[in-house]
Amino acid sequence: MATVIDGRKLAKELNQQTKERVAKLASRGIQPGIVVILVGEDPASVIYTRNKQRKAEKLGIKSILKKFPADVDQVTVMAAVDQYNHDDTIDAILVQEPLPDQLDGQAITNAIRPDKDIDGLHPTNLGKLYANQPGNYPVACTPRGVMTMLHHHHVELAGKNATIVGRSILVGKPMAALLNNANATTTLASRHTRDLAAATRQADILVVAAGSPHLIKAEDVKPGAVVIDVGINRLSSGKLTGDVDFEHVQDVASLITPVPGGVGPMTIASLMQQTVDLAEWRHNGQK
Ligand code: NAD
């Protein structure tokens with residue numbers, strides 16, 4: 001029977017550390033600041049954004065919500081990004097996905113100052129991650145939270161097989177890069193993968209971020225594997241579930257994350273941690 005990773009408890013510990021770092025910055029007259037740009041009224045985005053804001057305020061981080069109507073034009077959003085790029089009280093700029101079709105999300109991401117790019121999506125930051133460059137730069141917060149979980153549970157990565165199911169630029173790809181940089185042998189699977197079960201069964205570490213409820217069954221998992229479920233799916237019953245058949249996979253895995261209460265809380269905690277990182281890096285660099 002697998003040990004269940006308590007993402008809420010771990011997130012609480014991380015948030016406590018973040019709060020202490022915020023207090024230290026306050027003694028230097030610095031308050032970290034994050035702006036979330038939200039376009040339209042997508043219900044899930046509204047909830048995510050509210051959760052991020054509440055957590056920021058609780059930790060002493062300045063939080064701004066910049067809302068635009070769903071029919072906003074590109075020039076207006078780009079102007080807002082430019083304004084926050086130059087705003088000294090803002091350390092982190094987050095553009096909440098999904099964006100409506102009339103907006104060019106890539107151009108908006110590329111316009112964010114790399115040292116304020118909290119989601120680590122700017123090509124400069126992605127390039128550094130892929131090149132495994134040393135130094136300080138932001139990486140996507142969900143994979144970062146997963147790495148913190150693995151580290152906390154002393155999961156050995158070097159030389160191990162890691163399979164990541166899902167290759168989005170926000171989750172799967174940076175996850176694969178982080179695991180590969182930690183010397184795991186990585187397989188990055190997608191919906192085009194011919195034999196997904198073969199890819200997952202060889203994994204000592206299996207990270208699933210596909211957005212497909214119960215995609216991974218017990219027979220798809222190597223006995224003793226570490227299974228990290230990033231998926232968040234709302235069933236017609238209203239219940240939240242992951243991409244992994246938790247009930248049965250927990251009999252096979254050695255470590256497993258639940259949904260909810262696993263990766264989700266760690267993502268927000270990592271976002272807060274990285275906002276403070278960005279503030280420290282920027283202000284220390286200015287000294
Ligand atoms: P996405 O839709 O951008 O990407 C999904 C990826 O999964 C694609 O690469 C696709 O090819 C792959 N995929 C889909 N079905 C598959 C299948 N049957 N077999 C193999 N690969 C398959 O999604 P995303 O933004 O990366 O999010 C993935 C999931 O993670 C979603 O459920 C999302 O809600 C969740 N998520 C959770 C957090 C968190 O904090 N816990 C953060 C971000 C995303």
Side-chain angles (χ1 to χ4, degrees), residues 4-8 10-11 14-15 36 42-52 54-55 94-99 105-106 109 118-121 126 138-150 162-179 186-203 206-217 219-221 227-236 238-246 256-275:
V4 179
I5 297 179
D6 188 343
R8 289 198 182 101
L10 203 52
L14 183 54
N15 285 331
V36 179
D42 175 66
S45 296
V46 170
I47 294 170
Y48 289 147
T49 304
R50 196 185 302 143
N51 289 345
K52 286 168 189 169
R54 280 198 190 137
K55 187 58 75 187
L94 190 153
V95 180
Q96 185 68 47
E97 298 270 345
L99 292 173
Q106 194 63 69
T109 298
I118 187 69
D119 271 337
L121 291 175
L126 285 173
V139 298
C141 294
T142 299
R144 183 170 178 183
V146 172
M147 293 304 281
T148 303
M149 278 178 158
L150 296 174
T163 295
I164 303 94
V165 182
R167 57 168 181 182
S168 72
I169 197 67
L170 192 58
V171 186
K173 278 187 181 159
M175 187 77 251
L178 285 167
L179 288 167
T186 45
T187 302
L188 184 53
S190 73
R191 66 175 91 246
H192 300 281
T193 301
R194 288 234 172 102
D195 190 350
L196 184 65
T200 60
R201 271 191 222 124
Q202 67 171 6
L206 176 60
V207 182
V208 192
S212 177
H214 288 192
L215 175 67
I216 303 298
K217 312 260 190 281
E219 61 267 28
D220 304 322
V221 176
V227 178
I228 306 289
D229 190 354
V230 179
I232 303 176
N233 309 289
R234 194 171 286 282
L235 300 176
S236 50
K239 202 176 155 240
L240 282 188
T241 188
D243 290 351
V244 173
D245 178 5
F246 179 88
I256 189 167
T257 60
V259 178
V263 174
M266 281 304 287
T267 294
I268 296 206
S270 303
L271 183 76
M272 299 301 131
Q273 174 192 34
Q274 192 152 268
T275 298

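Note that this is a predicted model, so its numbers are computed, not measured. Just so you know, residue 1 is the first one in the sequence shown, and it goes up from there. In each ligand, atom 1 is the first atom listed, and ligand 1 is the first ligand listed.
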Would you please write out the protein residues whose heavy atoms approach any atom of ligand 1 to under 4.0 angstrom, listed by chain and number?
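For ligand 1, the residues that come within the 4.0 Å heavy-atom cutoff are T142, V165, G166, R167, S168, V171, S190, R191, L196, A209, A210, G211, L215, V230, G231, I232, N233, V263, G264, T267.
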If you compare all heavy atoms of S270 against all heavy atoms of G145, which two are closest, and at what distance to 0.1 Å?
OG-CA, 3.1 Å
Enter the distance from [X]:[atom1] to [Y]:[atom2] here, rounded to the nearest 0.5 Å.
X	Y	atom1	atom2	value
L94	D119	CG	CG	4.5 Å
N15	K55	CG	NZ	5.0 Å
L10	I5	CG	CD1	8.0 Å

Partners meeting side chain to side chain contact (heavy atoms under 4.5 Å, CB included) with R8 (sequence neighbours left out):
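With neighbours one apart ignored, the set is D6, P260, P265.
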Side chain to side chain contact (heavy atoms under 4.5 Å, CB included) between Q274 and V139, worked out
CA-CA 9 Å; Q274 192 152 268; V139 298; 4.2 Å; yes
